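The residues of the chain are indexed from 1 along the displayed sequence. In this text, all values refer to a predicted model and were calculated from it rather than measured experimentally.
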Amino acid sequence: MVSGLINANPIIYEKKERRTRTAPTALQDDNYLENKRNLDNYNCNIFLTFSHHIRDIKDPEHPYSLEELKVITEEAVEVDDQRNYVRITFTPTVEHCSMATIIGLCLRVKLMRSLPARYKVDIRVAPGSHATEAAVNKQLNDKERVAAALENPNLLDMVDECLAPSFY
């Protein structure tokens, strides 16, 4: 974690209960063949479930998850399987958060490691939630800048620490 906290007293929210979803089978669903065309989209949404991919990413500044700080929410994840597109909008805890780019980088790396390569991932700061929103969004969605950041061993260590599984 980082010393000299930007937000020394963040508001902590309760985590949502984990939900388990499974794809319907022909034996479970009488309309299986009729719903078959929606199955690919359903499977993508299962693959990108909030609870399995990004809800437990740790904040770089605090020992809490991004979900507990309401930096990310389930509603902020958009998936369009037809267009191979994923968008995540996150809200930093304070508008001058210096960790916004690290948080966005953590989200991007987690999705890069979790999703098939066919998906275009768009990471955005929620409109009006950060003082340098446009600059952060530009950094997070520029392939060369992301690649350069991931070549920095200190940044990569910080990202890996945020992505490490936690059991609390």
Side-chain angles (χ1 to χ4, degrees), residues 1-16 41 44-45 47-166 168:
M1 297 301 138
V2 176
S3 62
L5 302 176
I6 302 298
N7 184 3
N9 296 310
I11 299 170
I12 311 303
Y13 299 89
E14 190 173 322
K15 279 186 152 185
K16 288 186 176 184
N41 191 30
C44 174
N45 286 327
F47 192 76
L48 183 65
T49 54
F50 175 74
S51 61
H52 289 99
H53 290 285
I54 60 173
R55 76 182 285 184
D56 292 325
I57 295 174
K58 288 184 264 179
D59 184 81
E61 228 183 0
H62 299 286
Y64 303 108
S65 72
L66 296 181
E67 179 189 26
E68 288 173 307
L69 296 172
K70 278 217 174 157
V71 172
I72 54 169
T73 62
E74 197 166 358
E75 295 78 27
V77 178
E78 300 173 40
V79 179
D80 186 341
D81 195 43
Q82 299 298 320
R83 294 187 179 115
N84 300 319
Y85 182 77
V86 175
R87 173 182 277 174
I88 297 185
T89 305
F90 70 97
T91 307
T93 58
V94 291
E95 70 176 29
H96 56 277
C97 179
S98 64
M99 295 290 153
T101 52
I102 299 295
I103 291 168
L105 191 60
C106 290
L107 291 166
R108 178 166 296 287
V109 168
K110 181 63 176 180
L111 293 175
M112 283 171 44
R113 293 177 182 175
S114 304
L115 289 175
R118 67 185 172 100
Y119 283 94
K120 179 187 182 327
V121 176
D122 186 19
I123 309 289
R124 297 263 175 215
V125 175
S129 67
H130 196 275
T132 59
E133 171 189 337
V136 172
N137 287 341
K138 185 174 181 176
Q139 278 186 307
L140 294 175
N141 292 296
D142 184 317
K143 287 181 181 180
E144 287 80 19
R145 290 182 188 196
V146 169
L150 295 176
E151 288 177 5
N152 180 327
N154 294 328
L155 279 178
L156 190 56
D157 286 346
M158 187 180 279
V159 167
D160 286 338
E161 185 179 327
C162 292
L163 297 181
S166 59
Y168 57 91

side-chain contact (heavy atoms from CB on, under 4.5 Å) for Leu66 and Leu107? Distances and angles first, verdict last. CA-CA 10 Å; Leu66 296 181; Leu107 291 166; 4.3 Å; yes
For Asn84, all residues meeting side chain to side chain donor-acceptor pair (under 3.5 Å), sequence neighbours excluded: Arg118
Can you confirm whether [X] sits close enough to [Y] that some side-chain heavy atom of one is under 4.5 Å from a side-chain heavy atom of the other?
X	Y	answer
Leu105	Val146	yes
Arg108	Val121	yes
Leu140	Phe90	yes

Can you tell me which residue among Glu68, Glu74, Glu67 is in a side chain to side chain donor-acceptor pair (under 3.5 Å) with Arg55?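 With Arg55 as partner, side chain to side chain donor-acceptor pair (under 3.5 Å) holds for just one option, Glu67.
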How long is the gap from [atom1] on [X] to [atom2] on [Y], to the nearest 0.5 Å?
X	Y	atom1	atom2	value
Thr101	Asn137	OG1	CG	11.5 Å
Cys162	Lys58	SG	NZ	7.5 Å
Leu69	Ile103	CG	CD1	8.0 Å
Cys106	Ile72	SG	CD1	10.5 Å

Pairs where residues 121-132 contributes a residue and the test side chain to side chain donor-acceptor pair (under 3.5 Å) is met, not counting sequence neighbours: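 Every pair satisfying side chain to side chain donor-acceptor pair (under 3.5 Å) with a residue in residues 121-132: Tyr85-Asp122, Arg87-Asp122, Asp122-Arg124, Asp122-Asn141, His130-Thr132.
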Heavy-atom count around Lys138 NZ within 6.0 Å, excluding the residue itself: above 12? no
If every non-hydrogen atom of Thr89 is compared with every non-hydrogen atom of Pro127, which pair is closest and at what distance? CG2-CD, 4.5 Å
To check you understand the geometry: which heavy-atom pair defines the closest contact between Asn154 and Asn152, and what is its length? N-OD1, 2.8 Å
Mind checking what makes side-chain contact (heavy atoms from CB on, under 4.5 Å) contact with Leu156, not counting sequence neighbours?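 Leu156 satisfies side-chain contact (heavy atoms from CB on, under 4.5 Å) with Arg113, Leu150, Asp160 once adjacent residues are dropped.
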